[in-house]
Colleague: 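Got a structure for you, written out below as structure tokens; questions coming shortly.
Quick note on labels: first sequence line is chain A, next is B, and so on, each numbered from 1. Every heavy atom of this structure was used, including side-chain atoms; hydrogens, water molecules and symmetry mates were not.
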Amino acid sequence: MSLLRLQGVDKVFGGLHAVRAMSLEVEPQAIFGLIGPNGAGKTTIFNVITGVYAPDAGTISFDGSEIDGLRPAQIAARGVARTFQNIRLFRAMSVEENVLVAGHHQHKSSLFDAVLRNQRYAAGERALRARARELLELFGLQELAKDLAGSLPYGSQRRLEIARALMLSPKLLLLDEPAAGMNSREARALNEQIRFLRDNLGLTVVLVEHNMEVVMNVCDTIHVVDHGETIAEGSPVEIKAHPKVIAAYLGQESA
Amino acid sequence: MSQLLQQIINGLSLGSIYALIALGYTMVYGILKLINFAHGEVFMVGAYAGYYAAGTLGINALEASGQAFPIHLALLVLLVAMAVSATLGVTIEFLAYRPVRNAPRLTPLITAIGVSLFLQNAGMLLFSPNPRRYPAILREVRFEFGGVIVTNVKLAIFLVALALMAGLHLLVHKTWTGRAMRALSFNIDAAKLMGIDTNRTIRATFAIGSALAAAGGILFGLDQIMINPLMGVLTGLKAFVAAVLGGIGSIPGAVVGGLLIGLAEQLTAGYLSPDYRDAITFVILILILLVKPEGILGVVRPEKV
Amino acid sequence: MLWLKRCGFSVVVAAAIYGVGFGLEQLLTDYFLRIILLAGINVILAVGLNLINGTTGQFSIGHAGFMAVGAYATAFIGVALAPLFGDTALGRSLTFNLALVAGALLAGLTGLLVGLPSLRLRGDYLAVVTLGFGEIIRISFNNAQFLGAATGYFGNSPAGLPVYTNFFWVYAWAALIVLIVRNLTFSQTGRSLIAIREDEIAAEAMATPTTRLKVTAFAISAATAGIAGGLFAHMQAGIRPEDFRFEKSIDMIVMIIVGGLGSITGAVLGGIFVAVSLELMRDLQQYRLVLYALLLIAIMLLRPQGLLGNRELTALWSRRRPRPTGESA
């Protein structure tokens with residue numbers, strides 16, 4: 001059974017039909033690529049999946065239950081984590097604190113415990129911090145734990161965003177242009193990381209990406225959209241040679 | 001029936017004044033996304049400017065001798081007041097808002113509150129907190145139609161408001177300045193890149209909005225007779241609610257909102273209780289922000305994530 | 001064991017506050033004492049408002065309304081409870097504190113009712129709607145005949161409301177509230193509130209229950225304003241709706257802006273500053289607001305982060321606060 005399924009999803013903004021009858025299925029532990037020219041609606045699809053926008057039509061189901069219409073926090077709590085196209089870190093908070101925030105819904109203690117500063121609170125804090133530390137180590141950000149997130153170099157900020165997302169213990173990870181601004185070497189390292197996330201952490205990954213070095217080498221399935229509609233889906237080999245995909249990226253030869 | 005008609009006429013004339021003030025709020029918010037809290041005080045200063053201008057032109061002597069104030073002098077008073085307020089508006093923009101134009105949204109908000117407070121209290125120091133009786137720039141003449149009383153003041157309010165709004169419409173749609181204002185309200189950065197002088201356009205917006213508020217101030221003085229330095233607080237707030245009701249950023253919205261608030265206030269005072277005339281505006285504010293925050297004629301602009 | 005230690009500590013602190021209060025009451029005139037009491041009440045107001053405006057970044061400018069609810073509720077319930085507990089020191093203390101708690105709960109409930117619908121709005125709109133609610137609350141009290149309407153509420157005795165408020169109660173409550181807010185702010189909840197301030201959309205994406213947290217913070221800040229109101233009410237013979245005008249909300253905003261939006265220490269300092277400057281400017285009463293207004297403008301133009309920004313005094317010497325690495329993105 002697929003982990004994530006969209007069926008006939010529509011999203012309209014005033015006059016703009018951003019997403020049209022979008023249907024796709026992501027198998028558990030797949031690495032699924034979502035590509036298309038700029039403005040094709042890819043980030044909008046992410047936003048609809050994560051509940052930032054409610055779909056105007058169609059259904060979205062995750063892990064067996066319907067999630068369309070739920071609020072973003074509820075969807076995230078169910079195991080859907082994401083990063084953003086234009087990095088959205090909590091810039092005035094430290095690196096460690098950024099990751100800790102994502103631990104909120106797993107925090108075993110309540111507001112009262114926090115005010116009373118009792119054992120349960122202390123234990124909860126310890127557990128959270130330990131987990132955060134693990135994640136930071138995984139991404140090589142341990143040294144920078146106390147530094148302001150906004151002061152990190154670009155690449156580190158991107159890694160921090162992923163670390164933060166993983167704090168949610170998600171089943172599905174949506175990466176929005178994780179390779180933006182990366183050179184070849186960095187892109188290959190990213191591929192390693194994505195494979196690691198799937199192979200070692202059991203995550204299912206969906207990525208929106210323009211960098212073909214990443215997309216073609218790491219994705220199992222690629223879904224191509226243009227103008228809000230699906231134009232092709234298949235393996236990297238199939239997609240590379242698909243005439244519609246080529247036309248969408250390079251434009252039609254003039255008649 | 002005639003009582004209802006009376007209330008409606010009173011409400012619409014009050015509403016016209018609110019509309020004139022609301023236009024200033026809506027134009028500034030449309031471009032700068034800033035609630036110009038000080039706009040109510042600009043309205044107040046306009047009223048006082050008219051008061052002193054009329055005084056300087058000898059209205060007190062004329063009133064004492066029973067003569068009417070000449071119409072050309074009345075228009076001069078109006079122009080003077082509009083000029084004074086326009087200058088004040090532009091000065092406020094330059095000194096207090098421009099330096100914080102790119103700061104996080106909270107900073108200009110607090111600055112605006114500060115400017116508003118400053119002007120209120122400076123007004124109390126300069127003009128004395130005691131209410132003053134507005135001079136009869138228009139000597140009151142009453143017309144009666146089947147139980148409904150309409151004064152020439154009410155007619156003047158309608159005429160002046162109408163004229164000014166028509167003028168504004170022409171300006172916004174037929175002149176370069178107006179076109180620039182509309183461009184800025186859509187996308188200020190793009191407008192800059194297209195070579196529009198944003199500072200000049202913003203100045204013009206403040207000047208025009210303030211001038212309209214001044215006209216509202218004089219009309220208010222004529223209609224309500226008593227003015228005081230704090231008159232801008234409540235009236236300004238009501239006009240702001242009117243702008244929000246009509247759709248903040250929308251010029252026709254400000255007019256519609258103003259008239260509706262004026263009507264609501266007058267009908268509440270007449271049929272419910274005068275104690276609640278102020279409260280009804282706040283209730284409308286809360287309702288509109290909860291039900292349709294973009295206002296009657298406003299457009300929803302979804303946030304890009 | 002932990003709780004035994006804490007109880008002991010609390011007793012010591014309470015005794016210290018009592019001692020200081022006793023001493024000051026002997027040494028100072030009523031005039032100075034009043035300023036000190038007002039300073040303490042302001043600290044409560046500022047620290048509470050800072051929780052929602054500063055830490056959570058949801059700017060409310062109508063908090064005088066919640067202060068009013070607390071004031072009237074405490075006064076009214078206090079008058080009802082007084083005969084039950086008698087006129088002994090213990091009885092009066094019980095009456096007062098139970099009434100305060102009741103007032104706080106009612107103020108908090110009002111905050112909940114205001115916050116639930118309002119906190120969907122952002123920035124300017126939220127500010128204006130809270131202003132509207134603050135005014136509606138004041139107008140309601142102005143029209144409430146059973147609470148004295150515009151003339152004010154003076155209880156049911158010719159002498160007016162009993163003067164329960166003294167140094168001990170003000171500063172004991174202030175200490176308690178500062179502790180509660182501090183514990184809240186430096187916890188997972190506090191981190192989530194700051195995250196909401198920094199980027200609400202990202203916070204939601206990280207499973208933070210933003211609406212619940214915003215409304216909770218709002219209700220807590222309303223409740224603390226209620227305590228301040230209750231303490232204020234019992235400093236004099238009566239309270240009037242006039243005492244809770246928009247001006248009062250502005251005073252609160254000045255407190256947190258001067259100290260630094262987001263800093264608890266800043267709020268404490270700001271609260272004290274406003275109380276002291278209010279009295280210093282008593283002769284210049286008519287100039288007070290002009291000067292406050294100029295102060296607000298000057299701070300916004302020259303140093304918008306106020307005295308401490310969003311840092312605490314403890315951070316200045318513990319180097320706990322993260323420092324930039326030097327290279328930026």
Colleague: Counting only non-hydrogen atoms closer than 4.5 Å, does B/Leu95 touch chain C with its backbone (N, CA, C, O), its side chain (CB onward), both, or neither?
Modeller: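 B/Leu95 touches chain C through backbone heavy atoms alone.
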Colleague: Contact part of C/Asn143 toward chain B, heavy-atom cut-off under 4.5 Å: side chain, backbone, both or neither?
Modeller: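 Contact with chain B is through the side chain of C/Asn143 alone.
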Colleague: Is C/Leu291 in contact with chain B via its backbone, its side chain, both, or neither, using a 4.5 Å heavy-atom distance?
Modeller: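 Contact with chain B involves no heavy atom of C/Leu291 at all.
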Colleague: Say you draw a straight line from CD1 of C/Ile257 to CD1 of B/Ile110; how long is it, rounded to the nearest 0.5 Å?
Modeller: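 Spacing of CD1 (C/Ile257) from CD1 (B/Ile110) equals 3.0 Å.
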Colleague: Among the options C/Asp124, C/Asn142, C/Leu295, pick out the one with the most heavy-atom pairs lying under 4.5 Å from chain B.
Modeller: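 The candidate making the most pairs under 4.5 Å is C/Asp124.
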Colleague: Any chance you could measure B/Leu106, atom CG, to C/Leu261, atom CG, to the nearest 0.5 Å?
Modeller: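 One gets 6.0 Å once the value is rounded to the nearest 0.5 Å.
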Colleague: What donor-acceptor contacts under 3.5 angstrom involve side-chain atoms of residues 270-278 of chain C, with partners at least two apart or in another chain?
Modeller:
from: C/Ser277; atom 1: OG; to: C/Phe273; atom 2: O; distance (Å): 2.9
from: C/Ser277; atom 1: OG; to: C/Val274; atom 2: O; distance (Å): 3.1
from: C/Ser277; atom 1: OG; to: C/Tyr292; atom 2: OH; distance (Å): 2.8

Colleague: Counting only heavy atoms closer than 4.5 Å, note whether B/Ile35 contacts chain C via side chain, backbone, both or neither.
Modeller: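 For B/Ile35, heavy atoms of backbone and side chain both lie under 4.5 Å from chain C.
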Colleague: Would you mind checking which part of C/Ser140 comes under 4.5 Å of any heavy atom in chain B, side chain (CB onward), backbone (N, CA, C, O), both or neither?
Modeller: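 Contact with chain B: none, neither part.
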Colleague: List in chain and number order the residues that pass ring pair (Phe, Tyr, Trp, His ring centres under 6.0 Å) with B/Phe240, two or more places apart in sequence or in another chain; answer none if no residue qualifies.
Modeller: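 Applying ring pair (Phe, Tyr, Trp, His ring centres under 6.0 Å) to B/Phe240 gives B/Tyr25.
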Colleague: What's the spacing between B/Leu290 CG and C/Arg120 CZ if we round to 0.5 Å?
Modeller: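 If we round to the nearest 0.5 Å, B/Leu290:CG and C/Arg120:CZ are 5.5 Å apart.
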Colleague: Rounded to the nearest 0.5 Å, what separates atom CD in C/Glu135 from atom CG in B/Leu237?
Modeller: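 Here the interatomic distance stands at 7.5 Å.
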Colleague: Output the distance between atom OG (C/Ser118) and atom CG (B/Leu289), rounded to the nearest 0.5 Å.
Modeller: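 Separation between the atoms: 8.5 Å.
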Colleague: Output the residues of residues 37-47 of chain B for which the shortest heavy-atom distance to chain C is under 4.5 Å, in residue-number order; output 'none' if no such residue exists.
Modeller: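 Counting heavy atoms that sit under 4.5 Å from chain C, the residues of residues 37-47 of chain B involved are B/Phe37.
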Colleague: Ignoring hydrogens, what is the shortest heavy-atom contact between B/Leu109 and C/Ala127? Give both atom names and the distance.
Modeller: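 The answer is CD2-CB, 4.0 Å.
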Colleague: Specify the closest pair of heavy atoms between B/Leu117 and C/Ala293, including all atoms of both residues, with the distance to one decimal.
Modeller: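 What the structure gives for the nearest pair is CB-CB, 3.7 Å.
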Colleague: Any chance you could measure B/Phe118, atom CZ, to C/Ile297, atom CD1, to the nearest 0.5 Å?
Modeller: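 The distance works out to 6.5 Å.
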Colleague: Would you mind checking which part of C/Ile250 comes under 4.5 Å of any heavy atom in chain B, side chain (CB onward), backbone (N, CA, C, O), both or neither?
Modeller: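 Just its side chain gets close to chain B.
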Colleague: Might you point out which heavy atoms bring B/Val100 and C/Met300 nearest each other, and give the distance in Å?
Modeller: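 Looking at all heavy atoms of both residues, the shortest contact is CG1-O, 3.9 Å.
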Colleague: Counting only heavy atoms not in B/Phe127, do more than 12 sit closer than 6.0 Å to its CZ atom?
Modeller: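 Count over threshold, so yes.
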Colleague: Measure the shortest side-chain to side-chain distance between C/Tyr125 and B/Ile248 over non-hydrogen atoms and say whether it is less than 4.5 angstrom.
Modeller: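 C/Tyr125 vs B/Ile248: side chains touch.
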Colleague: Can you establish whether the number of heavy atoms outside B/Asn130 located under 6.0 Å from its atom CG is more than 12?
Modeller: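 Yes, because the 6.0 Å sphere around CG of B/Asn130 holds more than 12 heavy atoms from other groups.
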Colleague: What are the two closest non-hydrogen atoms of C/Val290 and B/Ala122, and how far apart are they?
Modeller: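 Taking C/Val290 first and B/Ala122 second, the nearest heavy atoms are CG2-N, 3.8 Å.
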Colleague: C/Leu289 versus chain B, heavy atoms under 4.5 Å apart: side chain, backbone, both or neither?
Modeller: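 Both backbone and side chain.
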Colleague: Ring pair (Phe, Tyr, Trp, His ring centres under 6.0 Å) with C/Phe146: which residues, sequence neighbours excluded?
Modeller: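 Here the qualifying residues are C/Phe76.
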Colleague: What part of C/Ile299 is in contact with chain B, defined as an atom under 4.5 angstrom from a non-hydrogen atom: side chain, backbone, both or neither?
Modeller: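 It is neither, since no heavy atom gets under 4.5 Å.
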Colleague: For B/Val283, is it the side chain, the backbone, both, or neither that has a heavy atom closer than 4.5 Å to a heavy atom of chain C?
Modeller: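 Both backbone and side chain.
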Colleague: Based on non-hydrogen pairs under 4.5 Å, which of C/Leu301, C/Leu296, C/Ile253, C/Val128 is most in contact with chain B?
Modeller: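 Of the options given, most contacts go to C/Val128.
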Colleague: For the CZ atom on C/Arg303, are there more than 12 heavy atoms of other groups (residues, nucleotides or ligands in this structure) within a distance under 6.0 Å?
Modeller: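 Yes.
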